[in-house]
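To start, the structure itself, in structure tokens.
Note that the structure is predicted; figures quoted are calculated from it, not measured. All values below were derived from every heavy atom in this structure, side-chain atoms included, with hydrogens, water molecules and symmetry-related copies excluded.
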Amino acid sequence: MLNRYARLVTRSPGRTIAVIALITAALLPGVALTTQEPDAIASFVPRGSDLGRAIDQLENRFPQTGAFASAQLVVRGDATSPAAIREVIARSEMALRHPTVAPFVPSSGEPPALSYAHLILAMAGVPPDRLTADDVTRVLATDPTVDPRAVQLDQLLGDGVGTGHIRLQRIDHPEWHVNDALLATHDVIAAGDYGPDASARTLSSARFQEGAEQALADSGILFPAAIVVMVVVLLVLFRSVADTVATIIGVILTALWQIGLSGYLGPNGLDKINGITPISIIVPVLLVGLTVDYSLQVVSRRREECHDDPGRATQRAVAVTGAAIGLGALTTALSFLTNLASPLSPIQDFGILAACGIVSGFFIMTSLVPAVRILGDRRRLGRGRRLPTRAVVESIPGVRRILAPTVARCARRPMVTLVAVGAVAGAAVAGALNVDTEFNQDEFLPEDSEVVQDIRLTSRETGGLSTTITGVLITDLDDPSAASALVALDDLLRGPTGDAGAVSPSGAEDLPSGVDMGSRVDRPPQIRGVVGPSLVSLAVDTVPDARAVLTGGSPDELAALYREVARAAPDQFASVASWSDTSDDDVTIIAIQAHLGEEWEVRDLYHAGDDLWGDDARGTFTLTGSQISPVVTGDAVTRSQTSATFITVITAVALLTAFFWRAHRRPLLGVVTVVPIVVVLVLLLGLMWVLGINYNALTALLTALTIGIGVDYTIHFTHRYLHERQHGAPTIDALTATANSVGGALFGSATTTALGFVVLAFAPLLVVSQLGILVAITGVLSMLAAMVILPCLLVLVDRQRAGGPVAQAG
């Protein structure tokens, strides 16, 4: 089959080039269909989770209404000076009056602007223009047992930072209008004069999205940079401009095919994958590092053949190396596709796109590049010039003298070598077990971003961020037990009168009339109160005796109540409830003010949603928000880590076992070929612990990348070793010959992979930078594993197969 493919490619190089050109032309329109994912963080929410279901309900039932957006105020420096306090209040009012912001200011509920400055002024009891430094000092010394507002003030103030929020409501406007309002709020706040030692900014989803978009745009330089690096490396390895140009053309076409396929599969095409995310942007760079290896193998083998007929030499090179390249590409593609088992859709998309790119790279590098070289070589011979025959291994002085002796030395003492490797791997396991698993949204912004600086400052100094989260209740609202439980939930979230909940500037709790605030179970300490109307408060404020109906009414009485509320306040009802008397799947939402700090606090609050609703009531209550999604995502990464590694390894072993059994009747070689790469994976995880790199949504790709990248090295080594053995070479001689032949190509592959991915180290996003460094190390370690661990295993397998000592050099 490979011989037929090689003949098809090399006998008519012009036709081969024409076919590749036609396919490229068909895929180019897909490039224009590519689009950026509008909410990169939201795309990481695990599918099938309670959080994912709740967010889907929010998007489907309340696409434009009912949700709140907050601009978090961050005042740096001397935040408690009277001048700074007055400016915070003045600027907050200016922002709310801004024509872009005003349509989104809530018409009811608590005041939309609340900050440390508002609390200080309310506790001081004086107008802004009469506030003095003594007033501020007195307020800051207030005993929380005397005035519970002091507790909230303490949460909003830190060393050199004061915080707060301006709350907006989405009211029948597209998301981009809300983002414009949040950005306008930031501009007003940032333009204020807070004194010589203070300044202010805001944090919001709009600013985060703006920063992420800029980071993605800045990342566009990574692929061209990788191409430039690869040109330099290939010129050194090939010592041939023609081979370098042909390979680079192949790399660029591979990236075009992958991007075109992503466009056809994306939101503007078949809608099977997301738009461009911080993960998908690394795929083209990944293809640069991996597909160049295919060309290296073909060129290296073609030079070995050294025929005067370039067609015959190239045909033989494609036929001989095609099996190893094809097997490596297939194993790599399947390794990437195992990411489909991930609960995170961006990782699933990465697996699909990377697999498409790898398959594309295989066909281009084994068809277009050989075809171009045949035409070039024929022209070269026509001018009376000789074909290049210099082996790749000779391009870098000293490589041949190092590789072959190293392989032979390890192979002669296989057990000693493996014990030493096992000791290092054992130490790495201890580190790997301690690698932290986190998912922080600020990892998707540049380290020097103002947003990142403000997030870390407020988290460090105030113990977290004040934010609005949304509780999503999915239940049958006509069910009396559910309605009664909803009243209890609303009471619990609002808290008893006099607690340290959300406080208005006047100091009074803004609670709906008619709600019994009797003693109840303490609510989670992270929750500060309810903002805006809820279904319960709206019903109580609109219909007499609504509370009695909610707590003890029949299904018919409840339905009548909801219809009456909907008639009396249609817009407000639609903003908090999606109800139908013919459906058991109703949804109501509650906007909650919360103060979220450490990851464990967010996790505890999220899991408290089940306890807040209780097991006896029908339905589910889930807390959602920009602070909650990363924690849930991190937990999903942790759960999927072991299964992803297991699936990837088993897939690779199964495929290689089937191949070596079918081709050589030696299925054990499938396991032998994968074992060195598993060792590499263990070493990398241990190295992550040493370097302090978290196992997050992006570095979770390391499992598939390590197997996908590393297996190419071991497949090529094993394939060539079997070729030498079949031609009668003793074991050590076969290993030495393998090192002298494919060793140079593998060294070149490690070099191109390492330098290609080192480019990612300069990415504006820290997570991309960390992944680039780890994958660069993966290439080097995989080559070493193929040269040190694999020969030892092959020796032991041959010894077991022969039932005696290994045959030495003849």
Side-chain angles (χ1 to χ4, degrees), residues 286 289-290 293-294 297 324-339 351 354-355 358 407 410 414 417-418 420-422 424-426 428-429 432 641-642 644-660 667-688 699-721 738 742-743 745-747 749-750 752-754 757 771 774-794 796-797:
L286 167 74
L290 295 185
D293 297 351
Y294 304 155
Q297 297 295 334
I325 295 174
L327 183 61
L330 180 59
T331 306
T332 301
L334 289 177
S335 296
F336 289 142
L337 287 176
T338 59
N339 285 303
I358 290 297
V407 169
C410 293
T417 302
L418 293 178
V421 170
V424 176
V429 168
Q641 176 180 353
T642 302
T645 303
F646 180 78
I647 292 172
T648 305
V649 172
I650 292 300
T651 300
V653 169
L655 177 62
L656 295 178
T657 298
F659 171 79
F660 284 114
L668 185 58
L669 290 180
V671 178
V672 167
T673 304
V674 174
V675 166
I677 308 307
V678 174
V679 174
V680 170
L681 178 59
V682 170
L683 294 176
L684 283 169
L685 292 174
L687 187 61
M688 287 176 62
T699 53
L701 299 174
L702 195 62
T703 297
L705 285 171
T706 301
I707 301 298
I709 292 172
V711 78
D712 274 352
Y713 295 84
T714 54
I715 286 174
H716 283 294
F717 194 98
T718 303
H719 189 263
R720 186 56 182 260
Y721 170 75
T738 299
V742 302
L746 295 183
F747 182 86
S749 296
T752 56
T753 299
F757 278 96
L771 182 65
L774 291 173
V775 177
I777 296 172
T778 297
V780 176
L781 290 180
S782 297
M783 189 270 293
L784 293 175
M787 295 294 173
V788 174
I789 302 174
L790 183 58
C792 298
L793 296 175
L794 292 173
L796 294 177
V797 169

Distance, nearest 0.5 Å, that separates [atom1] of [X] from [atom2] of [Y]:
X	Y	atom1	atom2	value
L771	L705	CG	CG	6.0 Å
L290	T332	CG	OG1	6.5 Å
H719	I325	NE2	CD1	10.0 Å
T778	L683	OG1	CG	10.0 Å
L656	L330	CG	CG	9.0 Å

Provide the closest heavy-atom pair for [X] versus [Y] in the form atom of the first, atom of the second, distance.
X	Y	result
L684	L774	CD2-O, 3.7 Å
P791	A786	CD-O, 3.2 Å
C792	C410	SG-O, 3.3 Å
L337	G351	CD2-O, 3.8 Å
D712	A329	OD1-N, 4.1 Å
I707	A652	CG2-CB, 3.9 Å

Student check: side-chain heavy atoms of [X] and [Y] closer than 4.5 Å:
X	Y	result
S335	T331	yes
M688	L702	yes
I358	Y294	yes
L687	I777	yes
T673	F717	no
L793	L418	yes
V680	L784	no

Do the side chain of [X] and the main chain of [Y] share a donor and acceptor less than 3.5 angstrom apart?
X	Y	value
T752	S749	yes
Y713	A750	yes
T714	V711	yes

Exercise. Tell me, with the steps shown, if T753 and I709 meet side chain to side chain contact (heavy atoms under 4.5 Å, CB included).
Key: CA-CA 9 Å; T753 299; I709 292 172; 4.3 Å; yes
Practice problem: Can you spot which of V407, T738, V672 makes a side chain to side chain contact (heavy atoms under 4.5 Å, CB included) with L790? | Solution: V672
Exercise. Return the set of residues passing ring-ring contact (aromatic ring centres under 6.0 Å, His included) with F757 (not counting sequence neighbours), or none when no residue passes.
Key: none
Practice problem: Please lay out, stage by stage, how T648 and F336 fare under the test side chain to side chain contact (heavy atoms under 4.5 Å, CB included). | Solution: CA-CA 8 Å; T648 305; F336 289 142; over 6 Å; no
Quiz prompt | Working for side chain to side chain contact (heavy atoms under 4.5 Å, CB included), residues V675 and V671 | solution = CA-CA 6 Å; V675 166; V671 178; 4.0 Å; yes
Exercise. Show the numbers, then the answer: is there a side chain to side chain contact (heavy atoms under 4.5 Å, CB included) between L685 and V682?
Key: CA-CA 5 Å; L685 292 174; V682 170; 5.8 Å; no
